[in-house]
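Just so we're on the same page: letters track the sequence lines, and every chain starts at 1. All values below were derived from every heavy atom in this structure, side-chain atoms included, with hydrogens, water molecules and symmetry-related copies excluded.
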Amino acid sequence: MPELQSPRGMHDLLPEDEPLWRRVRDACERVARGYGYGFVETPIVEDERVFLRSVGAESDLAQKEMYLFEDRGGGRLALRPEATAAVCRAYLEHGMASRPQPVRLAYFGPMFRYDRPQAGRYRQLWQFGVECIGDASPAADAEVIEMQQALYRELGLSGLTLRINSIGTAESRRRYEQALRAHLEPHAATLSEDSRRRLATNVLRVLDSKDDAGNPAVQSAPSITDALGPGDRAHFAEVRRLLEALDIDHEIDPRIVRGLDYYAHTVWEFEPPGGGGQSTVGAGGRYDGLIELLGGPPTPGTGFATGIERIIRTLREQGIEEPCAPAPDVVMVAIGEAGAAWAMRVAAALRRAGFVVRGATPARSLRAQLRTAGHLDARYAVIAGEREAATAVVQLKPLSATGEERTLDIEGVIDALGGAIGSQPPAQSAGARAAEPSDA
RNA sequence: GUGGGUGUCGCCUAGCGGUUAAGGCGCCAGGUUGUGGCCCUGGAGACCGGGGGUUCGAAUCCCCUCACCCACCCCA
């Protein structure tokens with residue numbers, strides 16, 4: 001164990017992991033732009049009030065998962081645990097209400113939660129998400145859900161289950177909480193310790209408890225669906241109608257209530273086939289009250305967030321792996337001082353022509369340089385020694401296939417490589433599926 | 001915050017009271033003079049997670065601690 005390690009729950013992303021990450025990231029960007037979303041980058045830290053007000057002071061997120069600290073000036077800051085509140089803060093701060101509504105914003109970046117790490121859970125986690133702000137219609141919910149599904153489809157993720165629910169407006173929720181509490185209180189003694197605590201703090205969460213899933217009192221609890229007002233019901237019915245029209249399979253699950261206070265009306269989650277545990281790949285919901293909580297005018301909004309690590313994990317579970325990063329086209333091999341300088345000039349010329357060229361290591365022996373070139377799976381070695389430098393040529397040595405080593409000048413090398421490799425961007429490995437999942 | 005599991009070179013693993021702590025992969029260097037991949041030889045790299053004990057003697061036994069992993073809570 002090295003003395004110095006990455007902070008708990010935070011991980012390094014190594015070059016071999018990067019191709020799959022980039023593929024996910026590219027898909028996120030493509031989908032977002034395809035729906036007319038613009039990307040925003042908000043700071044990693046915010047005034048703690050941005051989150052405390054929006055997410056709900058009673059939520060677990062605020063209670064125990066936030067990284068809070070004071071800066072040197074005494075300001076109270078929080079490492080962002082999620083992005084919706086921050087994006088809404090930016091919406092307000094930049095007066096986006098005066099842009100054509102709704103404003104469609106997307107983000108991709110790290111979030112921080114101070115909880116115990118385990119499979120699929122990290123203290124620094126990456127999320128891609130979108131916020132559609134300024135549209136109260138069910139159509140906005142449906143579009144956001146469709147978009148989220150389109151992302152997963154594009155990535156090749158299969159077998160995801162969409163579960164959806166409506167928790168109504170804040171008022172209907174309050175009504176429901178009262179009813180639920182009234183129903184459960186007489187049976188409090190039969191509930192688990194956690195649930196008894198939630199009875200007081202956050203009744204809705206009692207419904208989530210796995211310990212009490214079989215408890216008759218929980219099973220016979222009133223459904224939030226019954227507490228919805230006519231307006232709530234109409235909204236939800238329209239969302240469902242649109243999903244059906246879009247052929248999006250979904251299950252109604254009255255037990256989804258979401259952890260954050262700002263949600264209203266439609267809420268949903270996407271679960272991978274295995275299900276269970278911390279597997280939720282992405283979730284979303286409508287948050288009509290949020291902007292008001294941040295001090296703005298009543299403004300509706302809806303959006304989703306999806307965990308990049310969880311997407312990657314599910315992808316790998318399904319055997320989808322991006323092949324390793326492309327090997328260089330050329331490895332330069334230099335001999336002697338004159339060769340070293342000449343090799344750098346040749347390398348620069350080849351790169352200008354569009355090839356991927358790994359520079360020489362003239363301090364090492366010719367043999368060692370070639371051995372390494374072979375291990376790197378480079379297509380060619382370009383050898384620049386004293387002799388070549390003197391006559392402005394190089395040896396072009398094919399490393400993989402057959403072929404003779406040739407003596408060429410720079411133009412000759414570019415022509416030869418162009419014929420063999422093409423000076424186009426590196427070959428696309430579009431959605432290549434390798435048989436071997438390589439996660440740990 | 002609460003449980004359980006695991007900690008030996010960069011990676012995988014052997015060793016389970018007395019060994020200079022072993023091997024494979026990888027890395028580096030050589031196998032005569034400027035040519036890789038295979039093979040051969042050599043090398044670097046581990047205070048056996050850390051601290052305390054037991055013992056003549058500990059990587060091996062005990063205690064504590066830390067880290068990682070898994071689960072609960074909760075969430076992406």
What nucleotide among C75(B), A67(B), U35(B) has an atom nearest to a side-chain atom of Arg113(A)?
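Nearest nucleotide to the side chain: C75(B).
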Go through A67(B), U35(B), C69(B) for me and flag the one nearest to the Gln5(A) side chain.
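That would be A67(B).
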I'd like to check [X] versus [Y] (side-chain heavy atoms, cut-off strictly below 4.5 Å). Are they in contact?
X         : Y         : value
Met344(A) : Met332(A) : no
Ser54(A)  : Leu294(A) : yes
Gln318(A) : Leu157(A) : yes

Could you state the [atom1]-[atom2] distance from [X] to [N], rounded to the nearest angstrom?
X         : N      : atom1 : atom2 : result
Leu370(A) : C38(B) : CG    : C1'   : 15 Å
Ile256(A) : A76(B) : CD1   : C1'   : 14 Å
Trp268(A) : C75(B) : CH2   : P     : 17 Å
Arg313(A) : C69(B) : CZ    : P     : 12 Å
Glu65(A)  : C75(B) : CD    : P     : 8 Å
Leu376(A) : G26(B) : CG    : P     : 14 Å
Leu399(A) : G36(B) : CG    : C1'   : 6 Å
Leu14(A)  : C11(B) : CG    : C1'   : 12 Å

For nucleotides 1-3 of chain B, tabulate all protein N/O to nucleotide N/O atom pairs closer than 3.5 Å, reporting atom names and distance.
residue : atom : partner   : partner atom : Å
U2(B)   : O4   : Arg116(A) : NH1          : 2.6

Are the charged groups of Arg181(A) and Glu177(A) less than 4.0 angstrom apart, N to O?
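Looking at Glu177(A) together with Arg181(A), the answer is no, because their closest N to O distance does not fall below 4.0 Å.
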Let me see the working for Val281(A) and Thr306(A) under side chain to side chain contact (heavy atoms under 4.5 Å, CB included), right down to the final yes or no.
CA-CA 6 Å; Val281(A) 164; Thr306(A) 188; 3.7 Å; yes
Base, sugar-phosphate alone, or nothing: which one does [X] contact when heavy atoms must sit under 4.0 Å apart?
X         : answer
Ile311(A) : nothing
Gly339(A) : nothing
Val281(A) : sugar-phosphate
Glu309(A) : nothing
Ala119(A) : sugar-phosphate

[N] to [M] separation - [atom1] atoms, rounded to the nearest Å:
N      : M      : atom1 : answer
U35(B) : A59(B) : P     : 48 Å
A44(B) : G10(B) : C1'   : 12 Å
C48(B) : C9(B)  : C1'   : 10 Å
G4(B)  : C27(B) : C1'   : 38 Å
A21(B) : C68(B) : P     : 30 Å
C69(B) : U33(B) : P     : 50 Å
C75(B) : A14(B) : C1'   : 42 Å
C25(B) : G18(B) : P     : 28 Å

Donor/acceptor link under 3.5 angstrom from Glu388(A) side chain onto base of G34(B):
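Indeed, a donor on one side and an acceptor on the other fall under 3.5 Å apart.
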Classify the side chain of Glu405(A) versus the base of U35(B) as yes if they form a donor-acceptor pair under 3.5 Å and no if they do not.
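Under the 3.5 Å cut-off, the side chain and the base do form a donor-acceptor pair.
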Please enumerate all residues that pass ring-ring contact (aromatic ring centres under 6.0 Å, His included) together with Tyr114(A), with sequence neighbours excluded.
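Applying ring-ring contact (aromatic ring centres under 6.0 Å, His included) to Tyr114(A) gives Tyr67(A).
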Which pairs would a plain distance check flag for residues 122-132 of chain A, meaning a side-chain donor or acceptor within less than 3.5 Å of a matching protein atom at least two apart in sequence or in another chain?
residue   : atom : partner   : partner atom : Å
Arg123(A) : NE   : Asp115(A) : O            : 2.9
Glu131(A) : OE1  : Tyr287(A) : OH           : 2.6
Glu131(A) : OE2  : Thr84(A)  : OG1          : 2.7

Side-chain H-bond candidate by donor/acceptor type, Arg89(A) with Thr42(A), under 3.5 Å:
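There is no such pair between these side chains.
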Residue pair Thr161(A) / Glu251(A), side-chain donor-acceptor N/O under 3.5 Å
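The criterion, which ignores hydrogens and geometry beyond distance, is not satisfied for Glu251(A) and Thr161(A).
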Can you work out whether Ala384(A) or Arg123(A) has the more 5'-proximal nearest nucleotide on RNA chain B?
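Its nearest nucleotide being more 5', the pick is Ala384(A).
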Is there a side chain to side chain contact (heavy atoms under 4.5 Å, CB included) between Leu370(A) and Lys397(A)? Walk through the geometry before answering.
CA-CA 10 Å; Leu370(A) 280 169; Lys397(A) 178 183 177 63; 4.1 Å; yes
Among Asp141(A), Thr266(A), Thr302(A), exactly one meets side chain to side chain donor-acceptor pair (under 3.5 Å) together with Arg286(A). Which residue is that?
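Between Arg286(A) and the candidates, side chain to side chain donor-acceptor pair (under 3.5 Å) is satisfied uniquely by Asp141(A).
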Please identify which of these residues, Arg358(A), Arg367(A), Arg364(A), meets the side chain to side chain donor-acceptor pair (under 3.5 Å) condition with Thr372(A).
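So, applying the side chain to side chain donor-acceptor pair (under 3.5 Å) to Thr372(A) and each of Arg358(A), Arg367(A), Arg364(A), only Arg364(A) qualifies.
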Nearest atoms (heavy-atom pairs only) where Thr225(A) meets Pro254(A)
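In this case the closest contact between Thr225(A) and Pro254(A) is OG1-CB, 4.0 Å.
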Polar atom pairs between nucleotides 27-32 of chain B and protein, under 3.5 Å, N or O only, would you list them?
residue : atom : partner   : partner atom : Å
C28(B)  : OP1  : Arg364(A) : NH2          : 3.1
A29(B)  : OP1  : Arg364(A) : NE           : 3.1
A29(B)  : OP2  : Arg364(A) : NH2          : 2.8
G30(B)  : O6   : Arg367(A) : NH2          : 3.3
G31(B)  : N7   : Arg367(A) : NH2          : 2.5
G31(B)  : O6   : Arg367(A) : NH2          : 2.3

Partners passing salt bridge (charged side-chain N to carboxylate O under 4.0 Å, His left out) against Arg163(A) (at least two apart in sequence or in another chain)
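For Arg163(A) the salt bridge (charged side-chain N to carboxylate O under 4.0 Å, His left out) partners, ignoring immediate neighbours, are Asp253(A), Glu269(A), Glu271(A).
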Please, what dot-bracket string fits RNA chain B when only Watson-Crick and G-U pairs with both distances under 3.5 Å count, crossing ones use [ ] and pairs to another strand use |?
((((((((.[[[[.)..(...]]]].(((((.......))))).....[[[[[..)....]]]]])))))))....
